[in-house]
Amino acid sequence: MISKFSLSRDYKKSTEATKISLAHQEKAKSQIASSSAIEVHELTRCFGSFVAVNRINFSIRSGEVVAFLGPNGAGKTTTIKMLTGLLRPTSGQAFILGFDVEKNLPQIKNFIGYMSQRFSLYPLLTAAENIEFFGGIVGLRRQKIKEKIEELAAIISSDYLNQPTQTLPPGIRQEVALFAALLHDPPIIFLDEPTSGVSPERRRHFWMKIYDLKCQGKTLLVSTHNLDEAEYADRIIIIHQGKIRFQGELASLYEQEKVTSLENFFKQMVSEPKNGSNNSSY
Amino acid sequence: MIRLKAIIKKEFIHIRRDPRSLVIIFVLPLVMIFIFGHVLSFDLKKIETLIIDLDRSLFSRELASRFASAPLYSIYFLDRPSISRKQIFKDESIIREKTGERGAEVAEKWLRQGKIKQYLVIPPDFSRKLSSNQPAQVAVVIDGSDANVANRIYQYNERIFRHFFFRASRLRPAFEPEIKMFFNPEIASTPFIIPGLVAALMLMISAMLTSLSLTREKETGSIDLLFISPLRSQEIIIGKTIPYLIVALLVSLGIILFARFLFHVQIRGSLLLLFLSSLIYLIVGLSLGILISVVASSQKVAMLIALLGTILPSIFLSGFIFPLESLSPILRAFSYFIPATYFLRILRGIVLKGASLPHFLFEALILVLMSFFLLGAASRKFQSLRRAKT
């Protein structure tokens with residue numbers, strides 16, 4: 001927290017834009033090395049009278065892989081949207097590498113990668129064209145984009161490279177989408193239900209990728225409603241009806257909540273009576 | 001620059017890969033100009049005129065023959081057989097009618113039935129009065145149910161009467177006005193209507209292009225990826241505007257070629273000026289489209305707003321059909337906010353009058369200001385869309 005405040009003071013004091021961004025990058029690097037990558041304080045989001053996310057608090061250390069679990073409509077996507085700056089919180093704060101998401105959105109954009117199951121690639125564009133586009137909008141030079149496309153060709157077959165992505169098999173599409181989300185090499189990656197609608201085999205393969213990213217020192221928040229994926233993560237955060245019900249390691253969940261499996265915990269959680277206007281499932 | 005180029009390239013690929021939308025974008029305005037161009041014509045094709053000649057003199061025949069030889073008139077007589085008489089006068093007894101009074105009754109009946117647009121009664125003393133230099137009278141009864149048509153018939157009649165009396169009467173008028181219709185000598189409505197249509201359609205197409213493209217991104221959710229990227233709102237707006245500006249220019253070229261070769265509207269002024277003013281006008285339309293996309297939740301809604309929000313005001317409140325002077329003060333105040341009002345003046349100026357820039361500097365300036373204002377507003381609104389969702 002202290003470093004965070006000194007950071008924002010630095011920001012105000014400094015006059016030259018270049019100095020500011022350099023200072024930010026330095027700070028950011030030290031943040032990656034030392035403290036939390038993502039910090040959430042009392043984050044709340046209402047849509048009218050409906051409270052989608054209700055005063056949640058959590059923090060994720062650098063290099064951690066966290067599974068963000070919850071039934072459909074629990075508030076996972078809303079939370080991720082607030083963390084990526086797509087949605088303005090009703091109240092509360094979120095920090096990415098010490099930067100306040102609300103105040104320093106332009107800087108944060110360079111640090112985060114985002115992939116969602118809903119839409120990640122333009123279906124009419126080929127895989128290569130998608131990479132060219134997403135590389136372009138994050139400011140990659142032509143040469144760099146070329147290298148990236150070659151890199152992708154090595155991962156998926158080069159036959160797929162020049163096909164419109166709508167004709168690609170779902171697994172390949174997912175691969176390309178993840179690749180596109182990581183083009184600017186962000187230290188923090190948000191994956192919003194990246195594995196929904198994908199076979200268990202494919203899911204395991206995808207989590208291998210996530211491990212690779214973890215080994216590169218990246219921080220990942222992966223939302224999912226597939227409970228088996230919880231086992232792959234370092235830590236889990238369970239959200240239900242906009243409130244965090246559990247955060248920690250899976251083993252401590254069994255211990256703490258006296259359940260034998262995650263599934264049982266979920267069943268127990270979902271069958272609880274809904275509180276007030278907070279009807280989160282639809 | 002890299003980011004902007006990426007967006008522009010992506011839009012072009014999208015335009016190319018989606019030929020169905022492209023066909024609609026190109027064909028819709030051409031079909032509309034074809035239909036509207038033919039329907040919205042104030043030109044009289046034929047003026048059916050019944051002449052009841054009670055004088056039956058040299059003078060009255062001369063007057064009748066002047067009407068008969070005028071291009072639009074088709075003349076029927078009560079008492080003289082003519083080829084067209086059979087088509088109209090089915091009742092043989094009517095043909096035998098000779099008295100003026102009965103004739104007028106019959107004529108009124110046909111006027112009511114719409115068989116004729118007017119009738120003339122030449123009184124029995126017509127030639128006598130003319131010869132003795134007394135004012136001679138001719139009764140003209142015009143079907144006034146369509147004020148526009150009646151007015152035109154009145155004007156056409158006037159011309160024929162003037163020529164006739166000038167020649168026939170020994171009473172020379174004190175002065176003879178020499179009237180010339182400038183820019184549109186035939187007072188045909190096509191050169192007047194078509195530029196109005198062109199203006200309305202150009203605005204519609206440009207607004208539709210950007211609004212559809214952006215609401216599509218909203219529908220699929222891809223807009224989130226643009227928002228999450230380091231792209232600035234202005235970059236998204238400009239990146240969306242440039243490709244569709246080119247498409248809109250091509251469509252406009254198609255519309256103008258259609259107007260030129262199908263409706264024979266000659267372009268008298270500078271093509272460069274036409275191009276430049278179109279460019280500004282299209283930017284206004286494209287920015288409008290972006291503003292529409294901010295409020296429209298789906299492509300259907302966007303299409304509807306773009307269609308109704310541009311075409312209707314452009315037709316009714318821009319001076320396209322109704323002169324601005326004849327609008328009520330409230331509607332007139334509205335008309336000042338409609339881009340077509342200004343572009344129409346420029347377009348008619350260039351196309352019909354061969355006007356040059358100084359003639360419509362004011363209108364051009366307003367359009368430039370409008371384009372700046374709308375682009376700015378679109379950018380700001382878009383920014384709020386990006387982060388609001390409150």
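Lettering follows sequence order; numbering is per chain, from 1.
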Taking atom OG of B:S229 and atom CG of A:L183, what is their separation to the nearest 0.5 Å? 12.0 Å
Would you find more than 12 non-hydrogen atoms of other residues, nucleotides or ligands less than 6.0 Å from B:R380 atom CZ? no
Considering only heavy atoms, which portion of B:E235 lies under 4.5 Å from any heavy atom of chain A: side chain, backbone, both, or neither? neither
Going from CD1 on A:I80 to CG on B:D224, what distance comes out if it is rounded to the nearest 0.5 angstrom? 12.0 Å
Within 6.0 angstrom of A:F58 CZ, more than 12 heavy atoms from elsewhere: yes
Does a side-chain heavy-atom distance below 4.5 Å link A:K109 with B:L231? no
NZ/A:K218: more than 12 non-hydrogen atoms of other groups inside 6.0 Å: yes
Among the listed options B:E217, B:R232, B:R16, the residue most often paired with chain A at heavy-atom distances under 4.5 Å: B:E217
Residues two or more places apart in sequence or in another chain: which of them pass side chain to side chain donor-acceptor pair (under 3.5 Å) with B:K9? A:E132
Under 4.5 Å from any heavy atom of chain B - which part of A:S116: neither
Chain A interface, residue from B:I228, B:L226, B:L4 that has the most non-hydrogen pairs under 4.5 Å: B:I228
Please say whether more than 12 non-hydrogen atoms of neighbouring residues, nucleotides or ligands are located less than 6.0 Å from CZ in B:F12. yes
Looking at B:G239, B:G221, B:S222, which makes the most heavy-atom pairs under 4.5 Å with chain A? B:S222
Should we say atom CZ of B:R17 is surrounded by more than 12 heavy atoms from elsewhere, each under 6.0 Å from it? yes
Can you find a pair of side-chain heavy atoms, one from B:I7 and one from A:F133, that are under 4.5 Å apart? yes
Select one option (side chain, backbone, both, neither) describing which atoms of B:E11 are under 4.5 Å from chain A's heavy atoms. neither
Among residues 134-144 of chain A, which residues come closer than 4.5 Å to chain B, judged by heavy atom distances? A:F134, A:G136, A:I137, A:V138, A:G139, A:L140, A:R141, A:R142
